[in-house]
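Order of listing sets the numbers, starting from 1, for every ligand and every atom in it. The chain is numbered in sequence order, starting from 1.
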Amino acid sequence: MQEKIRIITTRNGRLVCAPREVLFQRLVDLMDHAGNDGRAYSIGLTGGSTPKAFYDWTVREDALPAGVRERAVWTVSDERMVPLASDESNFGTADRRLLTPVKIAEGHKLPWPVQVDPHSAATVFNRRWTERFGGETCFDLCVLGMGDDGHTASIFPGSPLLEVDLAENFTCVEVPEKGWRLTITRAGLERSRKVAVIVTGAAKAKVLKQVMEGPEGHYPVQILQAFRERVTWLVDPEAAAGLSSLNAVRG
Ligand code: 6PG
C-alpha cells in the first residue's frame, strides 16, 4: 500500500509527513523555489546521516533542476573544526556526495575556513558572508536536522547560544565532549528566508513528540517557533509515529 502524505500546522512550523523519497523531492522543490526570482541565492546544508541519504538520492535521480545548479551558492549551517577531506566535515561531505557530482561551479561553494582557529573562522566567515550577501540577510534556504537530544545545527541543550542574543549570523561554540563547532546563530536563523528541518527514523520519534507537543522552550530546536511561518518540517512516518496531532489527520 502506498504511504500517504500528511500535512499539519504545528507550533514550530508546517509539518509534512511522507516517505523519505517524497521528503527528498520536497526538499529539492524548496531549493528550487528559494531562488525563483532569478538572482544568485544561498543554500545552507547541514550534517548528519539524513543529508547523506539525500545527497545520494539527488545524484542517483538527477533531481536537482538546472536553475538550482547554476544559481545557488552552497555552504553549511554548521561545521566541525576538521579538514574538508575528513568524513566528519559537513561541507566536505556535501561537496563529495552532492556538489561535485552535480558539477556545481567552484565559485558557488562557500566552505567555512576551518584551517584557522574557531574564533577567527567565525569572524572570517561572517565577513565573507557580509561582503557577498550583506549582513542583514542570511540563507535563502537553511536546511537543518534535529538530533535525538533536540539539538539543531550546533546549538545543543544547555548551549550558551541559547542564553545570549548575538548579532552575527554565524559563530563558534565549544560543545562539551564534541569540541569546537561553527554554527548559524539564532539571529542567522531568524534572517533566513526559509528553513527546512529534515527528520527521519524511529530514534527521533520520542523527542519529536516532545518538541511538538511537550513543554515549550525546552529543546534548542524549539527556537524555530519564533518564526514558524517560514519553517517546513520534513518528517518520515517513523519519526512522526508519536505525534497525536498528525495521527488525528487522515491522509
Ligand atoms: C551535524 C548536524 C546536526 C544534525 C543532527 C541530525 O553536524 O551533525 O548539524 O545538527 O543535523 O544531529 O542528524 P541526523 O541526520 O543524523 O539525524
Closest to atom 5 (C) of ligand 1 (judged by heavy-atom distance), picking from H151, E79, R80, E88: H151

Please confirm whether the ring centroid of F170 lies under 6.0 Å from the ring centroid of W129. yes

List ligand 1 atoms under 4.0 Å from T50, heavy atoms only on the residue side. 14 (P), 15 (O), 17 (O)

Can you name the side chain to side chain contact (heavy atoms under 4.5 Å, CB included) partners of A53, sequence neighbours left out? R20, F24

Note: heavy atom closest to atom 10 (O) of ligand 1, options G145, G147, A153, belongs to A153

Is there a nitrogen or oxygen of L144 sitting under 3.5 Å from a nitrogen or oxygen of ligand 1? no

Which of the ligand 1 atoms, numbered from 1, are nearer than 4.0 Å to a heavy atom of D78: 1 (C), 2 (C), 7 (O), 9 (O)

Could you pull out, from G48, S154, G47, P220, the option with a heavy atom nearest to atom 11 (O) of ligand 1? G47

Determine the minimum heavy-atom distance between P83 and S89, stating which atoms define it. O-CB, 3.4 Å

At less than 4.0 angstrom from any non-hydrogen atom of N90, what atoms of ligand 1 do you find? 1 (C), 7 (O)

At less than 4.0 angstrom from any non-hydrogen atom of T46, what atoms of ligand 1 do you find? 2 (C), 9 (O), 11 (O)

Do P157 and Y219 come within less than 4.5 Å of each other through their side chains, counting heavy atoms only? no

Can you list the ligand 1 atoms lying under 4.0 Å from a non-hydrogen atom of K204? 6 (C), 14 (P), 17 (O)

Shortest non-hydrogen contact between D95 and K109, atoms and distance: OD1-NZ, 2.8 Å

Of the non-hydrogen atoms in K178 and R181, which two are nearest, and what is the gap between them? CD-NH2, 3.5 Å

Under the side-chain hydrogen bond (donor to acceptor under 3.5 Å, both in side chains) rule, what do D78 and S154 come out as? Steps first, then yes or no, please. CA-CA 6 Å; D78 76 320; S154 283; 2.6 Å; yes

What atoms in ligand 1 come closer than 4.0 Å to a heavy atom of P51? 15 (O)

For ligand 1, which atoms, with element, lie under 4.0 Å from some heavy atom of M146? 5 (C), 6 (C)

Please tabulate, for side-chain N and O atoms in residues 158-169, each donor-acceptor pair with protein atoms closer than 3.5 Å (sequence neighbours left out).
unit_1: S159; atom_1: OG; unit_2: L161; atom_2: N; d: 3.1
unit_1: D165; atom_1: OD1; unit_2: R186; atom_2: NE; d: 3.3
unit_1: N169; atom_1: OD1; unit_2: R191; atom_2: NH1; d: 2.6
unit_1: N169; atom_1: ND2; unit_2: T137; atom_2: O; d: 3.0

